[in-house]
There are 2 protein chains.
Amino acid sequence: MPLTEDRAVQATRVTISDVADAAGVTKGTVSRALNDYPDISEATRTRVLRKAKQMGYQPLAQAQAIKTGRTRTIGLVLQTDIPGAQRPFLSDFLAGLSQTASDASWTMTVATSAGGQEMLTTIKRLVQERKADGFILPRTFANDERVTLLRTLKVPYVLYGRLQDIQDSAWFDILGEEAMRDAVLRLAQHGHQRIGFVNGGSEYNFSRLRAAGFENGMNEARLDIDESLITGDAMTREQGTAATLGMLARSLPPTAIVFAVDMAALGAYDAAEKHGLVIGQDLSLISYDGIPECQWVRPQLTSFRVDSQMAGSRLASLLIRQIRGEDPTTLRESAKAMLWPGGSDGPPRRSPIEIARIVRSGQEHNSCETGGTA
Amino acid sequence: MPLTEDRAVQATRVTISDVADAAGVTKGTVSRALNDYPDISEATRTRVLRKAKQMGYQPLAQAQAIKTGRTRTIGLVLQTDIPGAQRPFLSDFLAGLSQTASDASWTMTVATSAGGQEMLTTIKRLVQERKADGFILPRTFANDERVTLLRTLKVPYVLYGRLQDIQDSAWFDILGEEAMRDAVLRLAQHGHQRIGFVNGGSEYNFSRLRAAGFENGMNEARLDIDESLITGDAMTREQGTAATLGMLARSLPPTAIVFAVDMAALGAYDAAEKHGLVIGQDLSLISYDGIPECQWVRPQLTSFRVDSQMAGSRLASLLIRQIRGEDPTTLRESAKAMLWPGGSDGPPRRSPIEIARIVRSGQEHNSCETGGTA
DNA sequence: TTCGGTTACGAAACCGGTTTCGGCAAGTCT
DNA sequence: AGACTTGCCGAAACCGGTTTCGTAACCGAA
């Protein structure tokens with residue numbers, strides 16, 4: 001005997017009243033049983049639970065929402081005006097988010113906005129329309145307006161990346177500082193003595209951390225830090241080229257450079273080519289992010305890869321727990337970036353003095369015709 | 001005098017009852033006025049509309065939903081098991097989708113799934129929980145189960161890409177066939193006579209169209225089609241390399257190749273390098289997609305670029321219109337891909353015979369050290 | 001046996017909307 | 001003038017849940 005008496009093959013949803021009738025109680029009792037109210041006897045609770053499961057009952061989120069205000073939905077507002085910011089990782093990130101969300105019977109609404117003020121409006125709208133119970137905030141800035149807004153609205157949120165002023169925020173982050181430290185140690189082990197550092201944009205909070213990581217690494221390796229070999233605000237390929245050229249022009253250039261951002265590190269290839277220096281031999285590079293382009297260039301760029309899918313998954317989990325009432329200050333996690341060895345780092349082939357001579361020799365080096373990454 | 005009498009600064013939402021009180025009517029009347037019921041006088045309708053606007057009333061989607069079943073939400077289920085499939089375009093695509101959705105006071109829920117059966121389950125869940133009123137279906141296959149499912153569920157959907165068996169589906173598509181045709185004509189204008197074609201995976205519906213476009217172009221240019229210079233199923237760089245090498249090994253190789261997929265076209269660079277052929281001179285390439293890597297290789301790959309943001313925007317618009325009741329067969333749009341000229345195509349420098357000689361001469365060509373894309 | 005206090009559940013109000021139903025007033029027809 | 005439409009809107013039911021309130025039944029103690 002089929003259970004469906006409705007005409008439609010795809011039977012209509014089973015509602016709480018159906019369960020109530022089947023269990024011989026009122027819908028109020030069913031609701032309380034399912035929501036773990038204390039004043040329900042263990043006997044009826046299990047009976048209702050079993051019936052509900054057997055009938056495949058799933059409460060309708062938005063019906064609950066008009067009383068509770070919550071729809072089991074996590075919000076994600078993407079910033080589209082940072083060109084190519086999270087582009088290569090977005091797919092993995094979403095996969096991680098929605099997978100864990102889905103496992104908990106939650107869903108994800110994503111919106112985009114071109115930035116600043118518009119983003120705040122979008123967040124407000126989603127909250128007002130109850131289309132998001134809480135938010136994932138990627139790319140946190142040093143002083144983030146979104147955080148201020150959500151805090152005053154008392155809407156839960158989880159940061160992807162720590163804030164300087166953490167306050168009572170929950171967050172997940174990749175330990176970029178440890179990656180930077182490990183990069184230095186790896187280079188030191190290769191035998192490098194003069195190591196430069198090219199940081200990312202100072203408006204990002206991660207930059208501060210990565211700089212600290214670099215310094216820690218240098219200290220641990222007992223290497224001198226030459227302030228003239230530390231620069232920052234390089235987020236694009238061109239900025240990376242400029243930063244590298246600047247270092248190479250020093251009287252004593254570095255034999256290796258640590259980059260905080262892959263995109264900038266790719267610019268170093270152009271700079272090296274200009275002077276006829278061979279990446280991985282004359283100049284070693286280690287970077288961070290693990291964008292696909294790392295594998296496109298030759299030699300491949302050694303980089304610390306971020307597992308975006310895992311990040312999404314953890315963030316979703318933290319947010320859900322916070323919405324369910326856990327204290328945000330206990331909801332903090334971090335993970336390490338994984339080294340992706342390429343050919344861009346190795347033992348130094350030339351001394352800083354030799355490199356300086358090559359650079360000063362001045363003539364532009366012609367790249368050969370059939371290739372070259374720039 | 002502030003309007004908010006509530007304690008909370010962020011006043012609670014204004015509900016339909018608030019508007020009703022303010023307008024001096026019942027909430028039933030407000031509802032009918034806002035939803036264009038015929039039995040409301042023009043006078044009260046305008047009065048209610050004005051009041052509602054003035055008070056900033058926005059109906060709560062999920063409150064409406066428990067009666068209407070619709071939440072003003074468009075669903076997007078992304079397939080995550082195709083590695084790097086839509087990766088570079090995803091961000092733009094989402095931006096386009098959510099922008100137009102947002103402009104119409106709609107939102108977007110996105111889910112991911114690893115494919116086939118799981119994807120169907122996800123769709124069902126979203127429909128059951130009323131978290132999506134309709135779906136955008138990217139990457140349509142020749143025989144798509146998602147379409148079958150949604151059709152039987154009577155849930156609206158819009159295809160990104162035409163189906164062979166269109167039936168009553170709404171769709172948006174980029175005219176890949178025209179791009180392929182234009183590619184051939186451009187090469188013919190350069191003076192190429194022997195032009196090869198490397199198609200994408202035969203399981204995709206677009207492949208059939210692009211092949212037709214290539215043939216049309218050849219016919220229009222009054223060039224002979226050599227079946228031995230037509231191959232397919234090249235979606236990755238490696239497959240592109242293999243396809244190219246195969247063509248170059250012919251007794252009379254092509255001087256130019258049209259690719260249906262950028263990723264495969266990038267493989268041609270490796271193949272050319274292997275034989276010491278110069279892309280853009282000894283071998284011209286034109287491709288399709290406009291992935292960022294086109295600008296990374298040297299010479300840059302000439303490609304027809306797809307405007308993913310526009311595509312997302314149009315798709316959202318079509319879906320919303322269909323959910324609002326328009327006939328899907330009238331909801332069909334297409335757009336042209338835009339030529340992105342790079343240096344990978346130009347007048348032929350060598351004849352097919354010369355190329356054949358170079359290829360047969362056999363010795364592997366050494367790429368120079370500082371570069372090479374492979 | 002009576003009484004006060006729990007326990008466990010039914011009844012009903014409520015959330016913010018939509019939709020049905022019915023009735024009043026004005027206009028139309030015979 | 002009375003009957004019949006028609007236009008317009010209020011009243012109330014309804015959607016699928018949650019939550020408050022009240023009380024019957026049970027408990028142990030006096």
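- Considering only side-chain atoms of B:I66, the nucleotide from D:dC8, D:dG16, C:dG17 that sits closest is D:dG16.
- At the heavy-atom level, B:S31 lies under 4.0 Å from base atoms of the strands shown.
- In this structure, CG of B:D39 is placed 11 Å from P of C:dT20, rounded to the nearest angstrom.
- A sub-4.0 Å separation between OP1 or OP2 of C:dC15 and a side-chain N or O of A:T68 is absent.
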Using the rule given for side-chain contact (heavy atoms from CB on, under 4.5 Å), can you reason through A:V147 versus A:L159, listing the C-alpha separation, both sets of side-chain angles and the distance that settles it, and then say yes or no?
CA-CA 9 Å; A:V147 174; A:L159 305 174; 3.8 Å; yes
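- Atom-to-atom, CG of B:D21 to P of D:dG10 comes out at 12 Å; the value is rounded to the nearest Å.
- Between A:S17 and D:dG17, a side-chain N or O to OP1/OP2 separation shorter than 4.0 Å is absent.
- The phosphate of D:dC9 (OP1 or OP2) has no side-chain N or O of B:R47 nearer than 4.0 angstrom.
- In the model, B:T109 has no side-chain atom that pairs as donor or acceptor with a side-chain atom of A:K131 under 3.5 Å.
- B:Q64 places its CD atom 9 Å from the C1' atom of C:dT18, with the value rounded to the nearest Å.
- As a whole-Å value, the separation of B:R130 CZ from C:dG17 P is 17 Å.
- Rounded to a whole Å, the CG atom of B:N35 is 12 Å from the P atom of C:dT20.
- Nucleotide C:dC14 holds its C1' atom 15 Å from the CG atom of B:L60, rounded to whole Å.
- At a threshold of 4.0 angstrom between heavy atoms, the contacts of A:V30 with the nucleic acid are absent.
- The side-chain contact (heavy atoms from CB on, under 4.5 Å) with B:M119 is formed by just one residue from the set B:Q79, B:E145, B:K124; it is B:Q79.
- Side chain B:K27 to base C:dG17: a donor-acceptor pair is found below 3.5 Å.
- Atom CD in B:E42 sits about 13 Å away from atom C1' in D:dG7, given to the nearest Å.
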Let's go through B:L94 and A:L94 carefully: what are the C-alpha distance in whole Å and the side-chain angles of both, what is the deciding distance for side-chain contact (heavy atoms from CB on, under 4.5 Å) to 0.1 Å, and is it a yes or a no?
CA-CA 11 Å; B:L94 286 178; A:L94 286 177; 3.8 Å; yes
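- Ranked by how close their nearest DNA chain C nucleotide is to the 5' end, B:K67 and A:V25 are led by A:V25.
- Residues A:Y37 and B:A63 both approach DNA chain D. Their nearest nucleotides, taken by heavy-atom distance, put B:A63 toward the 5′ side.
- Aromatic ring orientation, A:F93 versus A:Y160: parallel (interplanar angle below 30°, classes split at 30° and 60°).
- Rounded to whole angstrom, the span from the CZ atom of B:R70 across to the P atom of D:dC15 amounts to 18 Å.
- B:R32 contributes a side-chain N or O that forms a donor-acceptor pair with the base of D:dG10 under 3.5 Å.
- Contacts of A:S41 with the nucleic acid, taken as non-hydrogen atoms under 4.0 Å apart, involve only primed sugar atoms and P, OP1 or OP2.
- Closest approach of B:R125 to A:T107, counting heavy atoms only: NH2-CG2, 3.8 Å.
- Contact annotation: B:Y57 side-chain N/O to C:dG16 OP1/OP2 distance is not under 4.0 Å.
- When the nucleotides D:dC9, D:dG17, C:dG17 are ranked by their closest atom to the side chain of B:T29, D:dC9 comes out on top.
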